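Everything quoted here is computed from the prediction, not taken from an experiment.
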Amino acid sequence: MLEAYVALGANLGDREHSLAEAVRRLQAEPGIELVRVSAAYETAPVGYTDQPSFLNMAIALHTELEPVELLRRLLAIEQEMGRIRDVRWGPRNIDLDLLVHGETSMDTPELTLPHPRMGQRAFVLVPLRDVWPKEKVFPWASELSAFSLEEEGIARYAEWHSADGELRKESKDNA
């Protein structure tokens, strides 16, 4: 099995529920084993900025699926969850982006790996760093260090709790 990384985002409806539901659906997929789930980060929109803030996460998974097959599963989950694509970089109830698939490097009309713009997006790199193996060097460390998270509008929002498959904000009393 290969390790792959997926970015998740949502800024419409119940954002927390949408992210948790996407994780649950991925866990139920044959050929996919969830390995690590990041915290959720509230992030300012990029590109088209006249929209609500996003919640962004990343997951690490082991998969037997080839890259394009995994991408198509991600797109199917988005569609099953009611994703509508009408404005580029616009509001969405769920977004699933394949970032990295093992050592695969490819550039086709359907899929480019590694994801071509992730090094320019702190909202992708921050949660991705959460799920990157601690024993491996994070390849985008220099790109991430160039960002000011405050200026980028990125703040830790909630923690993922594997036991119940939910995002929960930690109270100040429990922190």
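- Listed by chain and residue number, Tyr5, Phe138, Trp140 satisfy the ring-ring contact (aromatic ring centres under 6.0 Å, His included) test with Trp132 (two or more places apart in sequence, or in another chain).
- In this structure, the side chains of Ser38 and Trp160 stay at 4.5 Å or more apart for every pair of heavy atoms.
- The two residues Val100 and Gly102 make their nearest non-hydrogen contact at CG1-O, 3.5 Å.
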Report, one line per pair, each donor and acceptor closer than 3.5 Å where one atom sits in a side chain of residues 142-152; sequence neighbours left out.
residue: Ser145; atom: OG; partner: Ala141; partner atom: O; Å: 3.4
residue: Ser145; atom: OG; partner: Ser142; partner atom: O; Å: 2.9
residue: Ser148; atom: OG; partner: Glu151; partner atom: N; Å: 3.2

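- Side chains of His115 and Asp97 form a contact here, defined as non-hydrogen atoms less than 4.5 Å apart.
- Val68 and Val6 end up in the same hydrophobic cluster when Ile, Leu, Val, Met, Phe, Trp and Tyr side chains are linked at under 4.5 Å.
- Atom CD of Glu166 sits about 11.0 Å away from atom CG of Leu19, to the nearest 0.5 Å.
- There is no path of hydrophobic side-chain contacts, each under 4.5 Å, that joins Leu12 to Leu74.
- In this structure, the side chains of Met57 and Leu167 come closer than 4.5 Å at one or more pairs of heavy atoms.
- Residues passing the side chain to side chain contact (heavy atoms under 4.5 Å, CB included) test with Thr112, sequence neighbours excluded: Asp107, Pro116.
- Arg24 places a side-chain N or O within donor-acceptor distance of the main-chain N or O of Gly165, the cut-off being under 3.5 Å.
- Side-chain contact check for Leu75 versus Leu71: some heavy-atom pair is nearer than 4.5 Å.
- Atom CG in Asn56 sits 11.0 Å away from atom OH in Tyr41 (nearest 0.5 Å).
- Leu26 and Met1 fall into different hydrophobic clusters, where Ile, Leu, Val, Met, Phe, Trp and Tyr side chains are chained together by heavy-atom contacts under 4.5 Å.
- The shortest distance between side-chain heavy atoms of Leu70 and Ile32 falls below 4.5 Å.
- A donor-acceptor pair under 3.5 Å links the side-chain atoms of Asn11 to the main chain of Arg92, judged by distance alone.
- Evaluation of the side chain to side chain contact (heavy atoms under 4.5 Å, CB included) rule for Glu42 yields Arg15, Ser53, Leu55, Tyr157 as partners, not counting sequence neighbours.
- In the hydrophobic cluster analysis, where Ile, Leu, Val, Met, Phe, Trp and Tyr join through side-chain heavy atoms closer than 4.5 angstrom, Leu96 is grouped together with Leu34.
- Residues Pro127 and Ala122 come closest through the heavy atom pair CD-O, 4.2 Å.
- Counting heavy atoms from C-beta on, the side chains of Arg121 and Leu125 never come closer than 4.5 Å.
- Remark: the backbone N or O of Met81 is paired with a side-chain donor or acceptor of Asn93 at under 3.5 angstrom.
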Mind listing the side-chain donor-acceptor pairs of residues 59-67 below 3.5 Å, one per line with the distance, residues two or more places apart or on another chain?
residue: His62; atom: NE2; partner: Glu3; partner atom: OE1; Å: 3.0
residue: Thr63; atom: OG1; partner: Gly31; partner atom: O; Å: 2.9
residue: Thr63; atom: OG1; partner: Leu65; partner atom: N; Å: 2.9

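- Heavy-atom minimum distance, Ile94 versus Ala22: CD1-CB, 3.7 Å.
- Under 4.0 Å is where a charged nitrogen must lie from a carboxylate oxygen, and between Glu21 and Arg25 at least one such pair does.
- Annotation: salt bridge (charged side-chain N to carboxylate O under 4.0 Å, His left out) contacts of Glu16 (sequence neighbours excluded): none.
- Atom CD of Glu80 has more than 12 neighbouring heavy atoms from other residues, nucleotides or ligands inside a 6.0 Å radius.
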